[in-house]
Amino acid sequence: AIQRIDQHLVSLLGSMMEKAETHVRAGQFNDFQSLNRQFYTLIAQATGNELLQQMLRTISDRIRILGALTMEQNSARAEQILLENKTVLEAIKLQDISRAELAVREHIRRARDHVLLFIGAESG
């Protein structure tokens, strides 16, 4: 995606992060989560990879539900997601493919860890 992202899209992603931060500060986690999904949808669209986009559409509802449940249990997760997304955006701005990949992988790993904590808390 980085090779295909133009300055207009970088600006749009930056504006989304500013709005997302406003939603987090106001405790508007549903609005924040919606912007979070749009952020990654736009990045996926920039790849031009239809299969990737279809895969994200397929799991989007699950991601949204699990995200809502984990943020409900731990509202600080929204702040963490915001920081993770800012790291992804910074890598995109720098056109640093390795850094962007690492940031996205870290974001996914942390999301997985929080879901596992949530599942453990629910079953215990």
Side-chain angles (χ1 to χ4, degrees):
I2 288 179
Q3 296 167 340
R4 295 174 174 239
I5 293 178
D6 61 16
Q7 191 55 44
H8 172 73
L9 185 51
V10 169
S11 294
L12 179 59
L13 293 170
S15 294
M16 291 174 78
M17 282 302 96
E18 290 174 12
K19 289 178 188 173
E21 189 165 6
T22 300
H23 291 311
V24 169
R25 301 284 179 256
Q28 299 167 331
F29 299 120
N30 287 336
D31 293 331
F32 165 72
Q33 190 175 21
S34 178
L35 278 172
N36 187 51
R37 298 291 1 114
Q38 289 174 32
F39 179 80
Y40 284 102
T41 297
L42 286 174
I43 293 170
Q45 288 172 348
T47 67
N49 182 331
E50 185 55 42
L51 179 59
L52 173 64
Q53 293 172 60
Q54 179 59 41
M55 288 170 57
L56 284 176
R57 284 190 294 271
T58 300
I59 64 171
S60 182
D61 284 342
R62 289 184 186 119
I63 292 170
R64 185 181 48 76
I65 291 167
L66 289 171
L69 291 172
T70 56
M71 277 189 266
E72 183 178 296
Q73 183 185 31
N74 179 10
S75 61
R77 177 66 186 135
E79 282 283 345
Q80 294 168 345
I81 292 169
L82 187 61
L83 290 174
E84 292 163 15
N85 291 349
K86 286 180 177 182
T87 301
V88 171
L89 181 57
E90 186 61 29
I92 289 171
K93 286 178 181 179
L94 295 171
Q95 296 187 322
D96 188 332
I97 295 169
S98 296
R99 188 171 170 184
E101 179 182 356
L102 183 63
V104 170
R105 285 182 185 275
E106 181 66 13
H107 172 64
I108 292 168
R109 185 192 63 75
R110 286 181 181 208
R112 181 201 65 209
D113 291 350
H114 280 276
V115 168
L116 291 174
L117 281 172
F118 173 76
I119 291 170
E122 287 294 306
S123 65

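Atoms considered below: every heavy atom in the structure, side chains included; atoms not considered: hydrogens, waters and symmetry mates.
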To the nearest 0.5 Å, tell me how far [X] [atom1] sits from [Y] [atom2].
X	Y	atom1	atom2	result
L51	M55	CG	CE	6.0 Å
Q33	I81	CD	CD1	7.5 Å
L82	L35	CG	CG	10.5 Å
M16	S34	CE	OG	8.0 Å
I63	I108	CD1	CD1	8.0 Å

Might you point out which heavy atoms bring [X] and [Y] nearest each other, and give the distance in Å?
X	Y	result
R77	A111	NH2-N, 3.4 Å
R62	T58	NH1-O, 4.3 Å
F32	A78	CZ-O, 3.6 Å
F39	L13	CD1-CD2, 3.6 Å
Y40	L56	O-CD1, 4.4 Å
A100	I2	CB-CD1, 3.3 Å

* Would one find more than 12 heavy atoms of other residues, nucleotides or ligands at under 6.0 Å from atom CD of E50? ->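 Atom CD in E50 is packed in, count exceeds 12.
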* Asked: Would the number of heavy atoms belonging to other residues, nucleotides or ligands and lying under 6.0 Å from CG of N30 be above 12?
  -> no
Would a 4.5 Å heavy-atom cut-off, applied to side chains only, mark [X] and [Y] as touching?
X	Y	value
H114	Q80	yes
R4	L9	no
R99	L102	no

* Donor-acceptor contact present, side-chain T47 to main-chain I43, <3.5 Å ->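 Answer holds: no.
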* Can you tell me if Q53 uses its side chain to pair, donor with acceptor, with the backbone of N49 under 3.5 Å? -> yes
* To do: State which residue, out of M17, E18, R25, fulfils the side-chain contact (heavy atoms from CB on, under 4.5 Å) condition with E21.
  => R25
* **side-chain contact (heavy atoms from CB on, under 4.5 Å), paired with I5, selected from I92, L42, L12** =>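 Testing I5 for a side-chain contact (heavy atoms from CB on, under 4.5 Å) against I92, L42, L12 leaves exactly one candidate, I92.
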* Salt-bridge contact K86-E90 (side-chain N to carboxylate O under 4.0 Å) -> no
* Is it true that D113 and R110 have a side-chain N and a carboxylate O under 4.0 angstrom from each other? ->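 Salt bridge between D113 and R110, a charged N being under 4.0 Å from a carboxylate O: no.
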* Linking I/L/V/M/F/W/Y whenever any side-chain heavy atoms sit under 4.5 Å apart, do L83 and V88 land together? ->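 L83 does not cluster with V88.
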* Single-linkage hydrophobic cluster L94~L89, side-chain heavy atoms < 4.5 angstrom ->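 Cluster IDs for L94 and L89 differ.
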